[in-house]
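Worksheet: one structure, shown below.
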Protein chains: 2
Amino acid sequence: MPYSIGQVAKRLDISTYTLRYYDKEGLLPFVDRNAAGRRVFKDADFNYLETISCLKEAGLPVKQIGTFIDLCLAGDRTLDERYDFLAEQEQALEEKMAALQHTMDFLRWKKWYYKRAIQAGTETVNYLPDTTQTDPALREKFNQLVADGADPQDLGHLDR
Amino acid sequence: MPYSIGQVAKRLDISTYTLRYYDKEGLLPFVDRNAAGRRVFKDADFNYLETISCLKEAGLPVKQIGTFIDLCLAGDRTLDERYDFLAEQEQALEEKMAALQHTMDFLRWKKWYYKRAIQAGTETVNYLPDTTQTDPALREKFNQLVADGADPQDLGHLDR
DNA sequence: ATTATAGTTGGACTTAACTTTAAGTCTAGA
DNA sequence: TCTAGACTTAAAGTTAAGTCCAACTATAAT
C-alpha cells in the first residue's frame, strides 16, 4: 500500500529526480510524508500520477498540469472547470494530431520521391528540366494516386 | 526569384532570428550570399525549407535535420541513406501518433468521468465505496461502451 | 546627405524540463 | 555498532531551441 519515491519511479519508469522536481513544481501536493520526512505514496496517488503522465504526453507544460492538480484538490466545486480543462486539451490534441498527419503525408510523399530517384539512379528524374527544383506535377501525381485509393504507406515502399 | 531573410521569415511565419540560428546550426548551407554578405534565398531553397519544417514538426532535433540536409547536398550517392532516414522517421512518427491516440483515449475517458461527476454533483459517484479511488469497473464500462461502437467523443459530451 | 529600414556577426540571455551535486539523514542487515 | 543504500534539501549545471543585443554595414527614399 505505501510506496517509496524509488518504487514509484521504477513503476512509472521515470527518475526519482523527476518525481522530486514535479513535487517541487507543485504537481504532487497529495503525497504524504512519514515521520522522517520521506515521501510516502499511496495507491490512490496513482490516479493522479496517471493523469499527470497523460497530460505530459499531451504536451502540457508542468505549470499547467499543476493548475489542473490544484483544481482536483479543490473539491467538487471545480468539477465544471476540470471538465472544461480536459475538453480544451482534447481539442488541442485533435489539432496536434491533424498536424502530425500532415507531417506524415509529407514524409510519405518524400519516400515515394526517393523511391523514384533510387530506381532511376538519380534525383534529377524528379526535377523540372534543367533545374534542381522538384516538378510540381509529380506531387500532384502522388496526391492523385492517394486520392485514387492507393495506400500511401505502400506507394513509397522499396525492396532492395 | 531572390528573397531576403526577412521575406522568407514572413513567408514561413518564423523569425529571422530562427532562420539565422538554423543557418548557424548548419541547416541552410544551400543559401547563397550577395556581394554585401547578405543571405539570398532562391525558389529552389523552399524545397529544403519545407523539408526542414516537416522534420521539425515530426519532432526531430535540429542536429539530426542538419544530418539529413548534409545527405541531400552530398548528391545521388546518398539516395539510399536518405530514403532510409525518412522511413525511420515515418516509423517513429507512427509510434508517436499511436501514443497520442492513447493519450486521447485517456482524455475522453476522463471527460466521461467528469460528466458523470457533474451530473451527480459530486466526484464520489466515481469512487469505490468509502475511498477516493476511482472504481475500476467504471473504466471498464467506458471501454465497453466504446467497444460497442459508441463515439468516445460523444460519450463525454456535456451540455450545460 | 540624411534617415529609416533591413541586413551582418558574435556572444549573452531565456525558458523548460530535467539532472546532478553536496551535505546530510534514515533504515536494514552483517 | 557499522556500513550500504535510499532518502532529504537547496542549489547549481545541462541541453535544446530559440531570442535578443551591440556594434556595425548596406540600401532605398526623401
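All values below were derived from every heavy atom in this structure, side-chain atoms included, with hydrogens, water molecules and symmetry-related copies excluded. Letters A, B, ... are given to chains in the order of the sequence lines, protein chains preceding strands, and every chain is numbered from 1.
For A/Ala36, the side-chain atoms get nearest to C/dT27 when compared with the rest of D/dC7, D/dT27, C/dT27. For B/Lys56, the side-chain atoms get nearest to D/dG18 when compared with the rest of C/dC18, D/dG18, C/dT8. Distance from the side chain of B/Tyr21 is smallest for D/dT19 among the nucleotides D/dC7, C/dC18, D/dT19. When distances are taken from the side chain of A/Lys24 to each of C/dT21, D/dA11, D/dT19, the shortest belongs to D/dA11. The side chain of A/Arg33 sits closest to D/dT8 out of D/dT19, C/dT21, D/dT8. Nearest to the side-chain atoms of B/Thr16 among the listed nucleotides D/dG18, D/dT8, C/dG7 stands C/dG7.
Dashed line: the shortest gap from a side-chain N or O of A/Arg38 to OP1 or OP2 of C/dC26 is not under 4.0 Å. For C/dG7, one of the phosphate oxygens OP1 or OP2 lies less than 4.0 angstrom from a side-chain nitrogen or oxygen of B/Ser4. A close approach under 4.0 Å does not occur between any side-chain nitrogen or oxygen of A/Thr18 and OP1 or OP2 of C/dC18. An OP1 or OP2 oxygen of C/dC18 is reached within less than 4.0 angstrom by a side-chain nitrogen or oxygen of A/Tyr22. Distances shorter than 4.0 Å separate some side-chain N or O of A/Arg20 from OP1 or OP2 on D/dT8. One finds a side-chain N or O of B/Arg39 lying less than 4.0 angstrom from the OP1 or OP2 phosphate oxygen of C/dT9.
Note: NZ (A/Lys10) to C1' (D/dA6) measures 10 Å, nearest angstrom. One interatomic measurement links the two molecules: CD of B/Glu25 to C1' of C/dG11, which rounds to 14 Å at whole-angstrom precision. Rounded to an integer number of Å, the gap from B/Gln64 CD to D/dA16 P is 11 Å. Rounded to whole angstrom, the span from the CG atom of B/Leu19 across to the P atom of D/dG18 amounts to 10 Å. A straight line from CG of A/Asp32 to C1' of D/dC7 spans 16 Å, rounded to a whole angstrom. Straight-line distance from the CG atom of B/Leu60 to the C1' atom of D/dT15: 16 Å, rounded to whole Å. In this structure, B/Tyr17 places its OH atom 12 Å from C1' of C/dA6, rounding to the nearest Å. Atom-to-atom, CD1 of A/Ile5 to C1' of D/dG5 comes out at 15 Å; the value is rounded to the nearest Å.
Under the 4.0 Å criterion applied to side-chain N and carboxylate O atoms, A/Lys115 and B/Asp80 are not assigned as salt-bridge partners. No salt bridge links A/Lys63 with A/Glu25; every basic N to acidic carboxylate O contact stays at or beyond 4.0 Å. Salt-bridge annotation for A/Asp45 and A/Arg11: absent, with no side-chain N of the basic residue lying under 4.0 Å from a carboxylate O of the acidic one.
Mapped onto DNA chain D by nearest heavy atom, B/Asn34 and A/Gly37 fall at different nucleotides, with A/Gly37 at the one closer to the 5' end.
For B/Gln153, there are no side-chain hydrogen bond (donor to acceptor under 3.5 Å, both in side chains) partners two or more places apart in sequence or in a different chain. Checked against salt bridge (charged side-chain N to carboxylate O under 4.0 Å, His left out), A/Lys110 has no partners two or more places apart in sequence or in another chain.
For the pair B/Arg116 and B/Trp112, the cation sits on the ring face: its NZ or CZ lies under 6.0 Å from the ring centre, inside 45° of the axis.
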